[in-house]
A.B. asks: 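This is the structure, below, for whatever I ask next.
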Amino acid sequence: MSSAEQPLISRRPSPEGDHPDDEDDDDDNTNDTGLDTATDDDAALTPASPTLFIYLLTLSAGISGLLFGYDTGVISSTLVSLGTALSAQPLTPLSKSIITSSTSLLALLISPFSSVLADKLGRKRIILLADALFAIGALVQACSSTVAQMVLGRSVVGMAVGAASFVVPLYIAELAPARFRGRLVTMNVIFITLGQVVAYVVGWGLGEYGDERTAWRWMVGLGALPAVVQAVVMVVMPETPRWLVMVGRPGEARRVVERVLGGKGEGRAVDATVKGIEIEVREESEGRRLRGMRTGDRRAGWMDSADELFGVRRNRRALAIACLLQGLQQLCGFNSLMYFSATIFSMLGFPIPTLTSLVVAVTNFVFTLVALFLIDRIGRRRILLWSIPFMVAGLLLAAYGFSFIKLAATDSTDNDKPSPANGAAVAILVSIMVYVAGYALGLGNVPWMQSELFALNVRSLGSGVATATNWGANFVIGLTFLLLMDALTPSWTFVLYAVICAAGYGLIWGFYPETAGLSLEEAANLLEDDHWGVR
Ligand SMILES: O[C@H]1[C@H](O)[C@@H](O)[C@H](O)[C@@H](O)[C@H]1O
């Protein structure tokens, strides 16, 4: 079925938010209110400056990114502080790997269900549920005394990360006026990397100045705090108008629209917006019902979306590019550093490895800020092609540096301490900084702009599949890094990542067209081209 035949099924905003060009896109029924409507003559409805409501929305988005960042970052210092606290013995590389990667595995497994639950129970309830899981997971970790309990706590946090990373962007996309939506999406990456910095600082501070036996418990337990703050903010936040209309509560939807529009939400504007949402929700369910009658399949809406995604050439290509970028973001090995940098720097003999590893988180954060300033000027393809060579160079230099160092094993204990850090160790540190800067400039950010690759009717599903690719690859990296370090040596492990980056460079060069400055239509047409729009 062609896209023209089923324009109605996926007008909901994509979880990643909309491309700035959406406002020019004829297919898009999202007007400047950001609340989907069928009218497009009311551009004046957007509040000129952010209202208190938008700030609160930003805050909830920010906290969710912070939580994601904190929980992924804190494992680095936790692993080096655990000593023999779990099951009364040092952690083996395998148990470290399982503790670390269980979070991404559960995030991967839970995300498909969160979309169904968010339709049934509402967006707000799922966010509150995720906050509860964040807090419970943090407490289970903090109280654990065996590896199995720790894995359980990390898995519960993984469920929270999986649910929140899907539902929070959806919540924002359905509530935020379009003008602010793009910015809110970018904020998410900034807050993730900031959360990782916070986790590293907490890990270093507690590791250095806290009680040696309980420091790690505080590190993981503190993850409960932002979750509680977010839950409190959420209590005063509304459900999205779209969901309220979906479940037959248009009166409440109307009151929410009035709040979003601030002082501008009077009379006609509010009516038009609510009416637009109602028409759209009705058309959507009607379309689904008709298709269901035709095919005899109750899940026809979803199936049609899948047909469109895989059956239409430009959609298939968009999906291939989005999955390539998301897979590469993880398989390039960055999160091995995020999760295990303290372990690596302790193997290299740095006296305070948690402090040294702060370099990784801070470089990532700072260059993420730089990237977000540069990306629209330089373009996504070009920034990737400029930054990946730095990643390859950093990885190869680090690999070379490792060849000079006799390392303790990844499960070293106090009895086999490595020799103190020497010149080669410092050279490795600098190479890692170059690699991380290159990563943050391109691969750390560009893949999250995935929603702009997809036509509106397949955007939700396409972004979901690409995000799952990210979690899947993240799981593989977390599980295999330490095992590879032992099996292949650190040098060859870093060479392997360099090869993956170089292969990724080739694929991006061959298949990822520059979409900067193009409207969504123009970008989609590029993908129809025989050369994928790259020539
Ligand atoms: O974009 C983010 C960011 O780069 C984080 O630092 C990284 O840990 C995540 O995996 C990634 O998705």
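For the numbers below, each heavy atom of this structure counts, side chains included, while hydrogens, waters and symmetry mates do not. One-based numbering along the sequence shown. When a ligand or atom number is given, it counts from 1 through the structure's own listing order.
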A.B. asks: Is there at least one pair of N or O atoms, one from N474 and one from ligand 1, spaced under 3.5 Å apart?
C.D. replies: no

A.B. asks: Does any N/O atom on Q330 come nearer than 3.5 Å to any N/O atom on ligand 1?
C.D. replies: yes

A.B. asks: Between N364 and ligand 1, which residue portion shows a heavy-atom distance shorter than 4.0 Å: side chain, backbone, both, or neither?
C.D. replies: side chain

A.B. asks: Taking distance alone, with no angle check, do I192 and ligand 1 share an N/O pair under 3.5 Å?
C.D. replies: no

A.B. asks: Give a yes or no on this: more than 12 heavy atoms of other residues, nucleotides or ligands lie within 6.0 Å of atom CZ of R316.
C.D. replies: yes

A.B. asks: For atom 11 (C) of ligand 1, what's the nearest protein heavy atom and its distance?
C.D. replies: Q329 OE1, 3.4 Å

A.B. asks: N335: heavy atom below 4.0 Å from ligand 1, yes or no?
C.D. replies: yes

A.B. asks: Less than 4.0 Å between a side-chain N and a carboxylate O, is that true for R380 and E514?
C.D. replies: no

A.B. asks: Please state whether the rings of F494 and F481 are parallel, tilted or perpendicular, taking 30° and 60° as the class boundaries.
C.D. replies: perpendicular

A.B. asks: Out of I352, L348, T354, which residue meets the side chain to side chain contact (heavy atoms under 4.5 Å, CB included) rule with F350?
C.D. replies: L348

A.B. asks: Suppose we measure from atom 4 (O) of ligand 1 to each protein heavy atom; which comes out shortest, and what is that distance?
C.D. replies: Y439 OH, 2.9 Å

A.B. asks: Taking atom types as modelled, is there a side-chain donor on Y439 or N445 under 3.5 Å from an acceptor on the other?
C.D. replies: no

A.B. asks: Need the ligand 1 atom indices (1-based, order shown) with element for anything under 4.0 Å from a heavy-atom of T193.
C.D. replies: 6 (O)

A.B. asks: As an exercise, identify every atom of ligand 1 less than 4.0 angstrom from a heavy atom of Q196.
C.D. replies: 5 (C), 6 (O), 7 (C), 8 (O)

A.B. asks: For ligand 1, which atoms, with element, lie under 4.0 Å from some heavy atom of W448?
C.D. replies: 1 (O), 2 (C), 11 (C), 12 (O)

A.B. asks: Tell me, do Q230 and S64 make a side-chain contact under 4.5 Å, heavy atoms counted?
C.D. replies: yes

A.B. asks: Assess, by modelled atom type and distance only, whether the side chains of T92 and S95 contain a donor and an acceptor separated by less than 3.5 Å.
C.D. replies: yes

A.B. asks: With a cut-off of 6.0 Å (strictly less than), are more than 12 heavy atoms of other residues, nucleotides or ligands near CH2 of W218?
C.D. replies: no

A.B. asks: Any idea which protein heavy atom is nearest atom 1 (O) of ligand 1, and the distance to it?
C.D. replies: G444 O, 2.7 Å

